[in-house]
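Structure first, commentary second.
Only this structure's heavy atoms are used, side chains among them; waters, hydrogens and symmetry mates stay out. Just follow the structure's listing: the first ligand is 1, and inside any ligand the first atom is 1. Please read these numbers as outputs of a predicted model, since none were measured by experiment.
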Amino acid sequence: MGEPAFPAGFLWGTSTSAHQVEGGNENNDWSEWEKQPGRIRDGTTSAEACRWWNGSAEEDLATAASLGQNAHRLSIEWSRLEPEPGRWDDAAFARYLRLLAEMRRLGISAMVTLHHVTLPRWVAARGGWLARDIVSLFARYAEECIRRLGGSVDHWVTINEPASVAGAAYVSRYWPPALGSVRAGLRALGAMLEAHAAAYGAMKRVHPAASVGIVLSTPRFEPARTGSRMDTLICAAQDWVFIGSLLRALRTGTLLPPLAGPARPPGLRRSLDFLGANYYGQYAVRFDPLLHERLFGRHVQEPTVRAGECDWGQISPEGLTRQLVRLSAMEVPLYVTENGIHDAADAIRPAFLTDHVAAVHEAIRRGADVRGYFHWSLLDNFEWAEGWQPRFGLIEVDPVTQKRTLRSSAHLYARICGSNGATASGRERGSQGSP
Ligand code: FCB
């Protein structure tokens, strides 16, 4: 291929999250919610999901290993591990320990997320991220997890996409608790940063050498109309609330407006050993004076593939390069912790995949310290309020029969992993044009 490969030891993997793949999660805030009519666009529920809790995780990860993947990012389910306040479930910890041991045996490095969207019912009943004691509850949970699982985990993520949770669950009514309040959203976001810092401190006290980070959603925002002052202003405001203010808080330890919470949460400054970036695409932002809950900015790009009303932006590999270069200012190693596209037919994914891996390579060439790429997702799974309609998997899953079928992108990604990225920046790239 002759093209430059990625740095030695680069992690090539995929991402999943507990509620989306495990099945049988009946004790978190999504279990009731997803059964209420109208909540999930296609009327499905997570139900058995991909049956990971009952053994399929090991089989699917064996497939991942056979496809050359050397890492996987998964999340663990707080509601299983602490089903009631202060009561730890030994059997649930044992289940995760077995899975992590199998991953080690398969040569798959483990990145484990503590909070990926769901909260135990009892936490939700106290107010979720608005509960008075949420910071100490989350830190206690994090500490218990690192005590019990620490030896089997390579990288820990405290919280996945805090701004998305604040936006979807507290500002809008898309996810539970569906508060529909900007104020609540900003308080929840501040609380998540505070909880992240507290968890980081607690975990490092147990295992000072542990690698602990946070994952942010890092879409690229662009003004819809070049030359429009209002579009430019609103675009900058959205970027600030969604990404900029969080980076600033993590770097300096200070919560600047509009983030709500203590001005300087204890331990927040530099509370990360790495930063994870979830990147799906780019949004074109157009000023809209009526759209208060979206900070007066409407996203007007044509979605690449429609999934109900939800779209993950417009395809822009260059946006990923630019975001990674921007994130280098944090001066910690970076991981692309999610990147993917819903494309059941696998028509667009091959080009998407090679172009985004090439974009990561370009970011490294421009000086970004990127250490891994995790595609979303290893397999089709329950996509939150969109249900089973969006298909993000390298592996197709029939949720009824549980049959797995490898999409051709799974083989393409295997070639990328096997060549340490060389094929994505080399000849194959040119032959994978968009349909
Ligand atoms: C991300 C979520 C992940 C998945 C993808 C498609 O924002 O973190 O759980 O739903 O979107």
Side-chain angles (χ1 to χ4, degrees), residues 13-22 25 28-30 33-34 39-42 44-46 49-50 52 72-78 111-119 157-169 171-172 174-176 189 192 213-220 242-243 246 275-283 299 303-315 319-320 323 335-344 348-349 352-353 356 373-395 397 399 409:
T14 44
S15 271
T16 53
S17 91
H19 190 76
Q20 295 179 271
V21 295
E22 284 181 354
N25 270 311
N28 67 31
D29 53 349
W30 273 76
W33 169 266
E34 65 189 34
R39 297 300 192 193
I40 310 299
R41 194 176 306 281
D42 63 1
T44 57
T45 64
S46 61
C50 304
W52 270 35
H72 187 74
R73 170 173 175 250
L74 70 156
S75 78
I76 53 179
E77 179 58 38
W78 188 357
M111 182 180 280
V112 172
T113 303
L114 294 170
H115 172 73
H116 195 124
V117 180
T118 57
L119 286 172
V157 172
T158 53
I159 298 178
N160 177 71
E161 297 194 12
S164 308
V165 172
V171 177
S172 72
Y174 189 50
W175 289 357
L189 188 51
M192 282 186 256
I214 188 167
V215 164
L216 305 184
S217 169
T218 60
R220 180 100 198 150
F242 211 70
I243 307 173
L246 280 71
L275 178 63
N278 289 355
Y279 179 88
Y280 288 87
Q282 176 166 306
Y283 294 112
H299 294 168
T304 309
V305 192
R306 281 189 189 278
E309 276 167 30
C310 192
D311 87 80
W312 280 263
Q314 209 164 41
I315 297 179
L320 175 58
Q323 291 300 53
Y335 292 89
V336 177
T337 35
E338 289 180 28
N339 171 241
I341 187 164
H342 55 99
D343 175 21
I348 298 169
R349 189 178 289 101
F352 182 98
L353 184 54
H356 283 78
Y373 172 87
F374 295 78
H375 192 78
W376 184 275
S377 178
L378 174 60
L379 71 178
D380 293 342
N381 58 57
F382 178 70
E383 277 299 342
W384 306 116
E386 302 302 320
W388 281 89
Q389 193 204 340
R391 299 304 187 106
F392 277 90
L394 295 176
I395 304 173
V397 175
S409 289

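Donor-acceptor pairing under 3.5 Å is recorded for the side chains of Q20 and W384.
Considering only residues two or more places apart in sequence or on other chains, T218 meets the side chain to side chain donor-acceptor pair (under 3.5 Å) condition with none of them.
For S75 (side chain) and A18 (main-chain N/O), a donor-acceptor pair under 3.5 Å exists by modelled atom type.
Of all non-hydrogen atoms in I341 and R349, the two that sit nearest each other are O-NH2, 2.9 Å.
Of the charged side-chain nitrogens involved, none lies within less than 4.0 Å of a carboxylate oxygen, so that R39 and E34 do not count as a salt-bridged pair.
Just one of T16, T113, T14 meets the side chain to side chain donor-acceptor pair (under 3.5 Å) condition when paired with R73; it is T113.
For ligand 1, the protein residues placed under 4.0 Å by at least one non-hydrogen atom are Q20, H116, N160, E161, N278, Y280, W312, E338, W376, E383, W384, F392.
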